[in-house]
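Structure record follows, encoded as C-alpha cells.
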Amino acid sequence: MSLRIYNTLSGQKEGFKPVNPGEVKMYVCGVTVYDRCHIGHARAGVVFDFVFRALQHLGYAVTYVRNFTDVDDKIINRAAERGISCDALVEENIAAFYEDMDALHLLRPTYEPRATRYIAQMLAMIQTLIDKGMAYESGGDVFFAVSKFPEYGKLSKKNVDDLESGARVSVNESKRDPLDFALWKAAKPGEPKWPSPWGEGRPGWHIECSAMGKDLLGEAFDIHGGGKDLVFPHHENEIAQSHGACGKPPVSYWMHNGFVNINKEKMSKSLGNFFTIREVLQKFDAEVIRLYLLGTHYRSPIDFADAYLVEARRHLDRLYATADRAKQMIGARTNPVPGSIEKRLVAEIEDDFNSATVVALLSEVAGKINAEADLIDKKKGDIHDLAGLYAAFQTIGGLLGIFNRPPAEYLADAKRKHLAEIGMTGDEVAAAITRRAEARKAKNFAEADAIRKQLEEKGIEVKDSATGSWWSVNR
RNA sequence: GGCACCGUCGCCAAGUGGUAAGGCCGAGGACUGCAAAUCCUCUAUCCCCGGUUCGAAUCCGGGCGGUGCCUCCA
C-alpha cells in the first residue's frame, strides 16, 4: 500500500507522488484575522494538523505553510467600526489565534507568512500576468482576465458559461468581463496601501496565496488545503493566477475539509449560531474537541452539539482510564509498537488520512490493553506485551494530538472539575467512602449501598477492590 | 436556475465490487456481598425501484429525502 489522497481536482482518490521523493510541501489557507476564530477554523486547523502529523509518521520531510490574511475588506471595516488601526486589530487577532490553536494542541507550521510581508512578490506576479496578457489595469485596479485561462472552472467543476449567465456575479464597470477578479485594488482614502506600477493600492484576496506558495514552496508543490468553501472562488482563482504566471499547475493535490454544522443547521454569522473556539474550550477539554472532530472523516460534514461533545468526553475519559491503568502496571518498562498495529495504523493513514478509522483503532487497542491487564491481574499476562500495546496507544494518540498529559493528571483534573460542578469536595467524598467502608465492615450492606447510590447519583462511582475502595467520575 | 455532495444499527460514524470498523446507548455472561470498572458474547444487508456483474452498501439509470457551492467565509 501507499498513500492515496482524495483530490478535489479529479474528484477521486489518487496515488500520491511527491514532486521530490520523500518530501511533502503543503500549503493550507489560514484565517483572515479580523475576528476571533470559531469552531469551523478549529476543524480546518485540527484536520490539517492531523495530516501534518500523519505525513511525518509516514516518514516524509514536510514543509507546512499556513498563512495569515492581514489585509482585506473585513479587516478594514472592523478596524473602522472599533476605531482602531488595522495593525492593532491584526496583532490582537493573531495573538488570539495562537492562544486558541495552541490550546487545541496544533503543531506550529514550518512557515506562517503574512500577506502584507509579501507585497513585492505579489506585484511581481501581477506584472508577469499583465506582461503575458492575462491581466489588465483599469483605473488603478488590476484584474485577471478569466477568458485567457481556458481551464478556469476545472477545480470547482464550474462551466464558465453557467457562471456568466448567473445573476449573482458582481457587476463592476471597470471589469471587461463580470468573471474577472481583482489582483490589485486601487487605494481608497484611509485604507492600507502600497505603491505599485498602477498607483497606490492593496492586493486582491487571492494573489497572496499564489505569491506566498510560490515563494515558500516553489512553482509546483504537492498539497494545498483549506475549507470546502474556498474551492470557489478562492482556489479556482489561485490556480488561474499561478498557472497563468508560471505556466504550469501550481498544486498536485487539492484537499478540502467539510463544514461544521450547529445542531444540524449551517453555521453562519447571520443565524448567530456559531461558537468561538474559546467558548467551547471553557466547556470541554481541547482533547475532547480533537477526538470528536477527528472521529469523522475530514471531507464529511460534522454536526456540533453539546450532546456529541459529552459523548466524546466520556470516550476520552475511558481512554485515559485505560492509559492510567497500563502506565501504572508497566512502570518504566518499554517495548516497541507491535508490527501488526503499526501496519494497520499506516494503512488507515494512507487511505486518504482516515482519522475516523485511526480513532477506531485506538479504541481497539484500548480493549487489548485492558484484556492484557486483566490477564496480568490473574498472573497469566505478559507485562512486556502490555508495554508494547501501551506504546501503540501512545503513538496513535499522538497522531490524533491527544494524550498530551500524563493520564493521572488528566483523571485528577476530571475529578476536580466534576466536583466543582456538583459542589462537593474531595474530602466529602472520602468521608462518605469511609462511612461506607465501616458499614460494609459491619455487614450493614443496606447502609453501604445507600451511600454508594447517593454518590452515584452525583456522577461518582465507587469501586471496590482487594486493596480498598476508590472512585472515579462518570460525567 | 446551474453545479457538486450525501442518505449505513436507537444516536454518531467507517467502509466505494467479494458476503457490514469503531464510539455512545442497550441485552446476556464472567467477576462482585450487591455494584462499578474491566473482559467475553449479542444487536443492521446498507432510502426506494430497475439495471450491469459469478458477486454491489459499494458501478449505471430513475425516484424520494437532505446538504453545500454559485456572494465574504475554515
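Chain identifiers are assigned alphabetically (A, B, ...) following the order of the sequence lines, protein sequences preceding nucleic acid strands; residue numbering begins at 1 within each chain. Only this structure's heavy atoms are used, side chains among them; waters, hydrogens and symmetry mates stay out.
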Has A:D324 got a side-chain atom pairing as donor or acceptor with A:P407's backbone, closer than 3.5 angstrom?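 No; zero donor-acceptor contacts below 3.5 Å.
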When we call it a touch if two heavy atoms are under 4.0 Å apart, what does A:L230 touch: a base, just sugar-phosphate, or nothing?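 It contacts sugar-phosphate atoms only.
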Under 4.0 Å, heavy atoms only, any strand: does A:G40 hit a base, just the sugar-phosphate, or nothing?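 Here A:G40 touches the bases of the nucleic acid.
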Using heavy-atom distances to pick each residue's nearest nucleotide on RNA chain B, tell me which of A:V359 and A:V260 is more 5'.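 Looking at the nearest nucleotide for each, A:V359 comes out on the 5' side.
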Validation row, ring centre A:F16 to ring centre A:Y253 under 6.0 Å: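 Yes, ring centres under 6.0 Å apart.
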Using the benzene-type ring in the case of Trp, are the ring centres of A:F403 and A:F393 under 6.0 Å apart?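 Aromatic pair counts; centres sit under 6.0 Å.
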P spacing across the pair B:G15 / B:G29, given as an integer number of angstrom: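 Per the computed distance, 36 Å lies between those P atoms.
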Nucleic acid footprint by protein, nucleotides 30-39 of chain B - heavy-atom cut-off 4.0 Å, B for base, S for sugar-phosphate alone: ---BBBBSBS
With sugar-phosphate taken as primed atoms, P, OP1 and OP2 and all else as base, the protein-contact string of nucleotides 7-16 of chain B at under 4.0 Å (heavy atoms; B, S, -) is ----SSSSS-
List the residues meeting side chain to side chain donor-acceptor pair (under 3.5 Å) with A:T110, not counting sequence neighbours, and say none if there are none.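 A:T110 satisfies side chain to side chain donor-acceptor pair (under 3.5 Å) with no residue once adjacent residues are dropped.
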Choosing from [options], which nucleotide comes nearest the side chain of [X]?
X	options	result
A:A44	B:G68, B:A74, B:C25	B:A74
A:K74	B:A21, B:C72, B:A74	B:C72
A:R344	B:A74, B:A21, B:G23	B:A21

Whether A:H41 contacts B:A74 is assessed here as follows: a side-chain N or O lying under 4.0 Å from the phosphate OP1 or OP2. Is that the case?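 Yes, such a contact exists.
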Would you kindly give the CD-to-P distance between A:E236 and B:A4, to the nearest whole Å?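 That distance rounds to 13 Å.
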